[in-house]
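What you see below is based on every heavy atom in this structure, not just the backbone, and it leaves out hydrogens, waters and symmetry mates.
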Amino acid sequence: MALMRITSPHAHGPLTTAAVMRTVLLATLPGLVALTYFFGFGTLVNILWGGVVAVVCEATALRLRKRPLGFYLNDASALVTATLLGIALPPYAPWWLIIVGVAFAILIGKHLYGGMGYNPFNPAMVGYVVLLISFPLEMTTWAAPAGINPTGTPGLLQALQACFTPASIDVTTMATPLDLLKQNQSLLLEDLWVQNPQFGRWAGLGWEWANIGFLAGGIWLLYKRIFTWHAPVAMLVSMTLLAALFYDGGSSASAGSPLFHLLSGATMFGAFFIVTDPVTSAVSNRGRLVYGAAIGVLVFVIRVWGDYPDAIAFSVLIMNFAAPFVDYYTQPVTYGHRKDGDPES
Amino acid sequence: MLADYSILLIGAILVNNFVLVQFLGLCPFMGVSNKLETAMGMSMATTFVLTLASACSYLTYNYLLEPLGLAYLKTISFILVIAVVVQFTEMVVRKSSPLLHRVLGVYLPLITTNCAVLGVALLNINREHNFLQSLFYGFGAAAGFSLVLVLFAAMRERLAVADVPLPFQGPAIGMITAGLMSLAFMGFAGLV
C-alpha cells in the first residue's frame with residue numbers, strides 16, 4: 001500500500017497547552033459580554049477575583065509538590081478553571097464563596113490528582129458542586145436581568161462592593177426561568193410567560209443571549225479545532241430529543257420546549273466549555289458521542305424531575321466518573337487490526 | 001404497579017445509592033475496585049447474593065420469626081441467612097468458574113460482612129416491603145452497588161498511573177474520589 005511519506009523537517013503545530021487555554025479564554029468573550037450586559041459586572045468580578053485566588057492556589061500547590069512554577073503557571077489552565085467557575089457562579093457572589101470554590105477546584109479537584117492532565121473530574125465543576133451543596137442559598141440567588149431590574153444594572157464599583165463587603169449593598173435578585181418553570185404548578189406555560197418578566201423571547205431574558213454568546217464562542221473553538229464536535233453535539237441532540245419527546249405544547253405540567261432547554265441555564269456554556277474538556281471526557285470519538293449524549297440525558301432528567309433547577313455540573317461530574325468505563329468499551333480498533341484484536345494476517 | 005416498582009428501583013440505584021448516598025458496603029467498594037475484571041466478578045456475585053438474601057430474609061422474618069414472636073432476633077438471624085446464602089454462592093462459583101473463584105479469592109466470603117446486604121434485609125422490614133418489593137429493593141441495591149463499583153474500578157485503573165502526590169496515593173485518593181462521586185450523586189435528589 002502506497003503511503004505518502006513526508007521527510008523532516010516538519011513544521012511545528014502551534015497548538016501548545018498555553019495557546020489552547022488562551023483560545024478558550026478568548027472564546028468565552030461573547031457569552032461574557034452578554035452576561036455583563038444583562039446582569040452587570042458581577043461575573044467579571046467573579047472571574048478576576050477567582051483568577052487571583054486560582055493563581056495563588058496553583059502556585060502554593062506547585063511549590064508544595066516541588067514542580068517548576070513558571071512552566072505550569074504559564075499554561076494558564078488555572079485561569080481557565082477560575083474563568084469557567086466564575087461564569088458558572090451567580091454574579092455578585094461574596095468573596096469567601098469564590099475563595100472556597102476556586103481553592104477546592106484547584107487544590108482538591110486538580111492537584112491532589114497530580115495536576116494538569118491527570119484530574120478525572122472537571123475542577124471548575126467540582127468547585128461548583130461543592131459550593132452548591134454547601135451554600136445553597138448563596139448559589140441560587142441570581143441578579144435580575146437588565147430591563148426589568150428596578151434599581152438598574154449594577155456598575156463595576158457596585159459589583160466590587162457586593163463581592164468584598166456583601167452586607168453593604170443589596171443587589172436585586174429574582175428567580176431564574178428554570179426555577180420558575182420548576183415551581184410552576186398551575187399556570188399554562190403561555191400565562192407563566194406573560195406573568196413573569198424574566199422570560200424572554202425563547203427562554204429567559206438575558207439567559208438566551210448569554211447562551212447564544214457561548215454557542216458562538218463554542219463554534220469558533222470548533223472552527224479553531226480545539227475540540228471535536230462529537231461530545232457537544234451529542235449532548236445538545238440528546239437533550240433536544242428528550243425535550244421534544246416530553247413537550248406537550250405548554251400545559252402547566254409541561255417540561256418546557258426544546259428551544260427553552262437549549263437556551264436556558266448553562267446549556268450552551270456547558271456543552272462547549274465544560275463537556276469538551278479533553279482531560280475529563282472520554283477519549284475516542286465514539287466514546288465522546290456516548291459521553292455527551294449521556295450528559296444531555298442526565299441534565300434533562302435532573303432539570304425536569306430532580307430537585308435542582310439546573311444540572312450541568314452534576315451531570316458532568318457523574319459522566320466524568322463514568323468516562324474511564326466508557327473508554328474501556330469504546331476503544332477504537334488500531335490501524336491494521338481487526339475488531340477482535342487479532343492482527344490482520 | 002409497574003410505576004411503583006420502577007420508582008423503587010430508581011430510588012435504590014441512583015437516588016439512595018447504597019454506597020454513595022447511604023454509605024453502606026464501603027469495604028468491598030474500596031477493597032475490590034483496583035481492577036475492572038475483579039470488580040465485575042464481585043458485582044455479579046454481590047448482585048446474586050443480595051437479591052437472594054433479601055428474599056430469604058424476608059421469608060425468614062415473616063414466616064418464622066414473626067409467627068413465633070421472635071422479631072427481636074431479626075438481626076442475628078439475618079446474619080445467619082446471609083452467611084448461608086454466601087456459602088451457597090461460593091459453592092456455585094467454585095464449581096462453575098474456578099477462575100473467577102481464584103480471582104475473587106478472599107472477597108467472596110467477605111460478602112457476608114458487606115453491610116449493604118444486612119442493611120437491605122433490615123430496611124426491607126423497616127419499610128414494610130412485601131415479598132416482591134423486597135426482591136426488587138434487593139436487586140436495585142445490588143445494581144446500584146455494581147454500577148458504582150464498576151465505574152469506580154475503571155477510574156482507579158486510571159488513577160493508578162496518575163502523578164498523585166505521595167501522601168495521597170492508593171486508598172487515600174480513592175476515598176477522595178468516592179467523596180467527590182458522592183457529591184455528584186446528590187444531584188439525583190428528588191428524582192423519586
What one should report as the nearest heavy-atom pair of Leu85(A) and Tyr128(A) is CD1-N, 3.7 Å

Whether over 12 other heavy atoms sit under 6.0 Å from Ile76(B) CD1: no

For Met40(B), look at atom CE and say whether over 12 heavy atoms of other residues, nucleotides or ligands are found less than 6.0 Å away. yes

dist Phe104(A):CZ -> Leu131(A):CG (nearest 0.5 Å) comes out at 9.0 Å

Within-4.5 Å side-chain heavy-atom neighbours: Leu62(A) and His111(A): yes

Tabulate, in ascending numerical order, the residues of residues 315-327 of chain A having at least one heavy atom closer than 4.5 Å to a heavy atom of chain B, or enter 'none'. Leu317(A), Ile318(A), Asn320(A), Phe321(A), Ala322(A), Pro324(A), Phe325(A), Asp327(A)

State the NZ-CG distance between Lys110(A) and Leu112(A), to the nearest 0.5 angstrom. 12.5 Å

Part of Val15(B) within contact of chain A (heavy atom distance under 4.5 Å): neither

In terms of heavy-atom pairs under 4.5 Å, which option from Leu166(B), Val148(B), Ile173(B) contacts chain A the most? Ile173(B)

Considering all heavy atoms of both residues, which atom of Pro28(B) and which atom of Met42(B) are nearest to each other, and what is their separation? CB-CE, 3.7 Å

Region of Tyr113(A) in contact with chain B, defined by heavy-atom distances below 4.5 Å: both

Side chains of Ser146(B) and Met44(B) in contact at under 4.5 Å (non-hydrogen atoms): no

Arg303(A), part contacting chain B, at a heavy-atom distance under 4.5 Å: neither

Need one label for Leu183(B): side chain, backbone, both or neither, based on atoms under 4.5 Å from any heavy atom in chain A. both

Please determine whether the number of non-hydrogen atoms from other residues, nucleotides or ligands lying under 6.0 Å from atom CZ of Phe185(B) exceeds 12. yes

Counting only non-hydrogen atoms closer than 4.5 Å, does Val301(A) touch chain B with its backbone (N, CA, C, O), its side chain (CB onward), both, or neither? both

Using the ring of each side chain (for Trp, its six-membered ring), is Phe29(B) parallel, tilted or perpendicular to Phe152(B), with breaks at 30° and 60°? parallel

Residue selection (most heavy-atom pairs with chain B, distance under 4.5 Å) from Ile133(A), Val130(A), Val129(A), Val304(A): Ile133(A)

Aromatic rings Tyr63(B) and Tyr58(B): how do their planes relate, parallel, tilted or perpendicular, breaks at 30° and 60°? perpendicular

Let me know if Leu298(A) has heavy atoms under 4.5 Å from chain B in its side chain, its backbone, both or neither. side chain

Part of Leu36(B) within contact of chain A (heavy atom distance under 4.5 Å): side chain

Pair count under 4.5 Å, heavy atoms only, with chain B: among Tyr328(A), Tyr308(A), Phe314(A), Trp305(A), highest is Phe314(A)

